[in-house]
Amino acid sequence: MPDVKKLMYVNRRAPYGTIYAWESLEVVLVGAAFDQDVSLAFLDDGVYQLTRGQSTEGIGMKNFSAIYSALGDYEVTRIYVEKESLEERGLTLDDLQHLTWEDEDEDWAEKESIRLVDRAELADVMSNQDVMFNF
Amino acid sequence: MPDVKKLMYVNRRAPYGTIYAWESLEVVLVGAAFDQDVSLAFLDDGVYQLTRGQSTEGIGMKNFSAIYSALGDYEVTRIYVEKESLEERGLTLDDLQHLTWEDEDEDWAEKESIRLVDRAELADVMSNQDVMFNF
Amino acid sequence: MSILHIVNKSPYEKNSLDTAVGFVKNGDTVLLIEDAVYAAAKGGSVAAKLDGLDVSVLGSDLAARGIAEDRLIDGVSVVDYSGFVDLVEAKDSTQSWL
Amino acid sequence: MSILHIVNKSPYEKNSLDTAVGFVKNGDTVLLIEDAVYAAAKGGSVAAKLDGLDVSVLGSDLAARGIAEDRLIDGVSVVDYSGFVDLVEAKDSTQSWL
Amino acid sequence: MKFTIQVNEGPYQHQAADSAYNFVKAALEKGHDIFRVFFYHDGVNNGTRLTTPPQDDRHVVDRWSELARENEIDLVICVAAAQRRGIVDAGEAERNGKDATNIADGFRISGLGQLIEGAVQSDRLVVFGD
Amino acid sequence: MKFTIQVNEGPYQHQAADSAYNFVKAALEKGHDIFRVFFYHDGVNNGTRLTTPPQDDRHVVDRWSELARENEIDLVICVAAAQRRGIVDAGEAERNGKDATNIADGFRISGLGQLIEGAVQSDRLVVFGD
């Protein structure tokens with residue numbers, strides 16, 4: 001078994017309607033300490049997790065959307081967003097948060113975390129993972 | 001408020017994958033004691049609840065499908081099955097249990113409990129209910 | 001008699017909205033709450049399913065999901081929980097399409 | 001590397017199967033369990049979605065739902081829990097499309 | 001107007017319990033009566049006093065208990081559903097030989113008939129679930 | 001082969017807990033190792049000893065406890081998920097000021113790291129949920 005595994009967190013649910021999005025994010029934050037090769041995939045209603053401007057005062061639930069922008073600090077730098085899922089929902093990348101990370105090897109240059117991929121490309125990435133987490 | 005209300009139990013879920021079908025049936029059995037004007041509707045995956053030949057030994061869960069045929073004894077005599085839902089699933093009435101009740105007013109003549117209705121007809125019936133139960 | 005059709009599931013994930021709209025009659029209202037509010041967002045592939053229906057959306061669920069009111073399809077009413085209660089009162093019965 | 005795609009939801013209720021089949025590559029298998037077994041029933045409107053895929057169905061979930069094996073679409077393999085375990089072992093990873 | 005509310009899902013996993021609470025609160029503020037809140041299926045898990053949610057999140061169970069205390073709301077947990085999921089009051093603990101209880105303040109355990117009665121006695125039944 | 005299993009839903013409401021149990025049993029019968037069963041989300045509700053299911057139905061919780069006893073399976077309940085849902089052992093009761101515990105025999109409460117560790121240490125992760 002390799003020392004470092006490729007772990008992918010597969011997010012397919014909208015936030016707030018169920019807790020899966022939030023408790024999945026909690027796994028990602030804890031998992032960051034394990035020095036594995038981590039990526040996140042957002043598809044189907046999972047793309048809604050990353051939308052801007054979420055405001056939960058009216059429903060009395062914790063707003064966890066700001067935490068996605070901290071993922072770069074946890075060295076989670078590869079976030080795949082599926083193109084077909086965005087399009088079906090009438091969304092573009094501009095509707096999502098701008099997620100970045102700082103590359104230590106390039107004098108802390110700021111880089112994009114989100115990679116827009118179509119379903120076939122995401123299927124290729126998925127087929128190279130050792131473990132997929134599903135919530 | 002009328003002494004007798006029209007109560008409809010609306011069943012839209014398959015059995016076994018979740019408990020809603022079974023716990024819904026438990027409500028129907030208890031509710032039968034309340035002498036209300038009761039009907040059941042089966043649509044979407046709810047039509048699967050009534051299929052013949054269910055056998056749960058392999059999954060270790062209680063098989064409750066026989067109870068539907070006892071509904072007549074509980075004076076639950078109007079069971080609406082939606083045509084479109086059956087067709088979409090490649091089912092016909094022959095795939096469902098034969099549910100009957102005995103009409104006290106007609107010398108205990110055996111009568112059909114299942115009424116095959118299309119969506120528009122079921123919508124009409126629903127619009128005449130006082131209460132819909134959803135599971 | 002009129003029905004308040006309550007839908008709470010994302011129309012992209014579940015068939016609840018599809019079925020619900022088939023049961024809407026004149027005088028009925030469709031209320032979108034929780035993840036169902038995505039159905040009323042402009043540009044989404046399901047939005048057309050609401051054409052010609054009387055549709056209300058729960059504002060706090062919209063806000064939680066970051067959907068500004070100007071992103072809603074035309075003709076949709078935004079209500080708060082008090083408006084939700086009024087709708088239940090105004091219609092003769094409710095049907096939750098879970 | 002090969003993936004075992006596990007689907008457990010009715011294809012008439014949820015979009016899981018729709019998405020899953022879009023991710024199946026050569027060498028992958030789709031395993032239908034729980035309410036997803038309805039997808040493999042002959043005559044159902046979703047059955048065509050499985051065309052050309054390597055599909056297995058959990059037999060005990062079929063039996064629970066009253067689906068006789070002769071009602072399955074052609075080419076589907078029926079497995080028991082032991083066969084489920086073998087599939088997990090045979091593929092390099094699993095993806096549960098919940 | 002008189003409402004009965006049915007809650008089919010437990011706290012936190014689904015928004016149903018939150019939506020139901022917010023609806024009940026709004027109805028009370030408008031002067032309506034809440035005849036009963038009936039917790040069915042996993043909804044019975046709304047009635048355990050053993051939860052400790054994070055401090056920056058809402059406390060779903062305590063919110064129900066407070067609402068019941070301040071407005072004398074009848075919060076009923078279905079006994080059959082509760083037995084399957086392990087929600088226990090003193091009577092149930094004794095009947096079923098359990099060494100602990102976990103029911104929260106303001107809730108009571110009773111039969112399914114309470115749901116039917118609620119639907120019959122109220123002007124409206126509103127169901128919150130998954 | 002070494003498996004870690006994740007269970008996302010509680011007993012009875014969804015078949016997930018049943019499917020996971022049947023899978024684990026079959027894997028053991030074939031001589032595989034179960035490194036860990038990790039209960040997350042409402043899955044933590046598999047670990048309450050307060051359930052009393054009907055006598056003609058399976059006992060989901062007791063089945064897990066027996067499996068753990070007979071095969072020394074590590075049944076881990078996520079602490080964060082458990083706090084939200086009210087699954088409590090003696091340590092948690094003391095930490096959070098609870099007057100009762102409800103954890104079942106054979107289960108232990110621990111952190112999310114146990115899931116990651118399970119996934120990294122095992123040959124396969126299999127997830128059962130809704």
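All heavy atoms count here, side chains included; hydrogens, waters and symmetry mates do not. A, B, ... follow the sequence lines: proteins, then strands. Residue 1 opens every chain.
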Heavy-atom neighbours of B/E102 CD exceed 12 at 6.0 Å: yes
Heavy atoms of other groups near B/E121 CD, more than 12 under 6.0 Å: yes
B/K5 side chain vs E/A119 backbone, donor-acceptor pair below 3.5 Å: yes
Residue from E/L125, E/T4, E/V120, E/V127 passing side-chain contact (heavy atoms from CB on, under 4.5 Å) with B/V131: E/L125
Interface moiety of [X] toward chain B, non-hydrogen atoms closer than 4.5 Å:
X	value
E/E9	side chain
E/R84	side chain
E/D42	neither
E/Q6	side chain

Nearest non-hydrogen partners of E/N8 and B/F135, listed with the distance: ND2-CA, 3.8 Å
Neighbourhood of chain E inside residues 14-35 of chain B, taking heavy atoms under 4.5 Å as contact: B/I19, B/Y20, B/W22, B/E23, B/S24, B/E26, B/V27, B/V30, B/G31, B/F34
